[in-house]
Each structure stands twice: as C-alpha cells, then as structure tokens.
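Here's the structure we're looking at; comments come further down.
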Amino acid sequence: MSAILIDGKARAAALRAEVAQGVAGFVATHGRAPGLTVVLVGDDPASAVYVGSKGKATREAGMISGEYRLPADTPEADLLALVAKLNTDPAVDGILVQMPLPRHIDSDRVIAAIDPAKDVDGLHPVNTGLLVSGRKGLVPCTPSGCLLLIKESMGDIAGAEAVVIGRSILVGKPMAALLTNASATVTLAHSRTRDLAAHIARADIVVAAVGIPGMVKGEWIKPGACVIDVGINRIALDGGKSRLVGDVDFDSAAARAGWITPVPGGVGPMTIACLLANTLAAARARAGA
Ligand code: NAP
C-alpha cells in the first residue's frame, strides 16, 4: 500500500471535541445547551442502532438529546404533527427524522415539514437550494464529512478534477455541489454513465457512494488521487460471519492512491460528528450568534 490512510475516527474525534468546546461556550452565553431530537418510526434494527449512537454522541458533546420512537403503523398525520410540535419547541435546535420511513409515509412531505433552520440532516429543499446557490445553510452530514477529509488531505482543491459516483440526494448530489463550491471540476457519475473507468482515470478526487462492494477497481485510479469511500456494504464470510466493505476495492486502490479512506473507520465516523456540528450551527443561528 502506498496511499496515506485517512483516519476518519481521529478526525471525527477532533471535530467532536471542537463541537463540545463550542457547546460549552454556547451554554455560558445563552444559559441552555443546544438540543437535537431524533425521531424513529418503526423497528428497523439498523436504524435503531444509528438512533442510539446519535443520542449517545449528542449527550457526550454536552447537548440535550431528545428521542421519539414511534410504532411502524404511525399515521403520516401524526408524524407531521410531531414535526410541527418540534418546530415550535424553543429547546429543540435540530430535528432529524431517521430514514427510511415506512412505505405508507411520504418522506418528501415529512422532510419539507421540518423547519429549514432545524433541518440538521440538510435535506429540506430550502437547504438543498442554498447549497446549490453556494450560500450558507445546513449541509447533509456525510458529504460535509467527506469534504473535510478531502481538504485536510489535499489542502486547496481549486481546479482539481473530481468524480463523484452516485447521485443520491443524501450523498452524491450534495457532494458534487460542495466540490463545485470549492472550485473543483466535477463529474457526477451514476448507473447510466458510460465508461466510468475513463472518468475515474483523470480524477484527482474520487468519491464513491454507490452501495456495490468493491465496484471501483484499483487500476482505474489515477496515481496519487484522493479516494473517499462512502459505501457501507455487509458481505457474508464463511462460517456465518460477515464484514463491512466499501464501494472501492481497497487493496488495489490503496496501491495507487495518494490518500484513501478505510471502511469502516473512514467516512462513517465523520457523519455523526458533522451532525453534531450542524446542531451547534443551527443553535447559534437561531440564537443570532
Ligand atoms: P443510493 O440512494 O442507493 O444511490 C446509489 C447511487 O449509485 C445511485 O445514484 C445509482 O445511480 C448509483 N449507481 C448504482 N449502480 C451504479 C453503477 N454500476 N455505476 C455507477 N453508479 C451506480 O445510495 P446512497 O444513499 O447514496 O448510499 C450509497 C452508499 O453509501 C451505500 O453503501 C450506503 O450504505 C452508504 N452510505 C454511507 C454513509 C456513511 O455515513 N458512511 C451515509 C450514507 C450512505 P442511479 O441514480 O442511476 O440509480
């Protein structure tokens, strides 16, 4: 391996410590801690784990963690009523409705009902619009974390060629907007892209957010590129065991890249750290600070 391994855990711990310091300052000035409330509908085990770790991280940063766990058959109207209540609760600075929602609930309608000033997931159309316009708003946590890792590795990325693979509203599209705002030249690839390898071959930055284990091959990578692997895929091993792998074929890519994130321990830890940072930013903005 010739690439420098990007330590997302260490970078996330540093960001969380920075947020905790900011929270202490906020409490000293405003006499209250910022509050993040997470809403989980249904009993998806993975979502329950995410919600649990978000609550723990929120408390560790010195913020108030609120949690609602609603049954899977909760009517959409009840969820919208809860969001409306949280929108007007002065102690709540951030609202996160855990996705995916049960199929009878229209997630776009729920996201649109969240006060954009409290939308710490950065998915409300107002925040999406602000991001695309290059204006200040709440930015989705995973791409935010990726950009921090990229900038810390490469410094100024103005003029760099970037390829983002995956065009979801959660990761790929906001990632492309963030890189564009940082003056990179961005190609946004997806399942209909022709000759993905040719695009990746000229990329100084590759961000893979697809959900297909090892689909980005090492021989496609431009020597010295910064490779950010967002994918989280669980693959079965012999003996009933399993392990997590990313969208990048790690060993072959690490032999050519300049920097690379591992899975796990790369992008994943940054997501929660950026959620905490967004909550503090939302609290400061609401307090006019
Ligand atoms: P998603 O909504 O399923 O989007 C996947 C994207 O990949 C789509 O845009 C799709 O293209 C594209 N794609 C599929 N097959 C492709 C191919 N053969 N070549 C090029 N592009 C292809 O997924 P997501 O929510 O963005 O998540 C992507 C991955 O990141 C998943 O593994 C997820 O678990 C992981 N993730 C990790 C974190 C974290 O904190 N680390 C956070 C969020 C997501 P089309 O649009 O054409 O269908």
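All ligand and atom numbering here is 1-based and tracks the order in the structure. The residues of the chain are indexed from 1 along the displayed sequence. Both backbone and side-chain heavy atoms feed into the values below; hydrogens, waters and symmetry mates do not.
In summary, the atoms of ligand 1 found under 4.0 Å from a heavy atom of Thr271, numbered by their order in the structure, are 39 (C), 40 (O). Using a 4.0 Å cut-off to heavy atoms of Ile165, the atoms of ligand 1 that qualify are 20 (C), 21 (N). Contact atoms of ligand 1 toward Asn233: 32 (O) (distance under 4.0 Å to a heavy atom of the residue).
With a heavy-atom cut-off of 4.0 Å, Met215 touches ligand 1 through its side chain alone. In Ile232, the parts holding a heavy atom less than 4.0 Å from any atom of ligand 1 are both the side chain and the backbone. Looking at Val210 against ligand 1, both its backbone and its side chain come within 4.0 Å, counting heavy atoms. With a heavy-atom cut-off of 4.0 Å, Thr193 does not touch ligand 1 at all.
Taking hydrophobic clusters as Ile, Leu, Val, Met, Phe, Trp and Tyr residues chained together by side-chain heavy-atom distances below 4.5 Å, Val248 does not share a cluster with Ile205.
Under the 4.5 Å side-chain criterion, counting only non-hydrogen atoms from C-beta, Val19 is in contact with Val23.
Taking a 4.0 Å cut-off on heavy atoms, Ala189 fails to register as neighbouring ligand 1.
Scanning all protein heavy atoms for the shortest distance to atom 4 (O) of ligand 1 gives Ser168 CB, 3.9 Å. Ranking the protein heavy atoms by distance from atom 6 (C) of ligand 1 puts Gly166 CA, 3.6 Å first. In terms of protein heavy-atom proximity, atom 31 (C) of ligand 1 is nearest to Gly211 CA, 3.8 Å. Of all protein heavy atoms, the one closest to atom 35 (C) of ligand 1 is Val230 O, 3.4 Å. Counting protein heavy atoms only, atom 11 (O) of ligand 1 is closest to Ser191 N, 3.2 Å. Protein heavy atom nearest atom 20 (C) of ligand 1, with residue, atom name and distance: His190 O, 3.2 Å. In terms of protein heavy atoms, atom 44 (C) of ligand 1 is closest to Val171 CG2, 4.0 Å.
Polar contact check, Arg167 against ligand 1: a nitrogen or oxygen pair lies under 3.5 Å apart.
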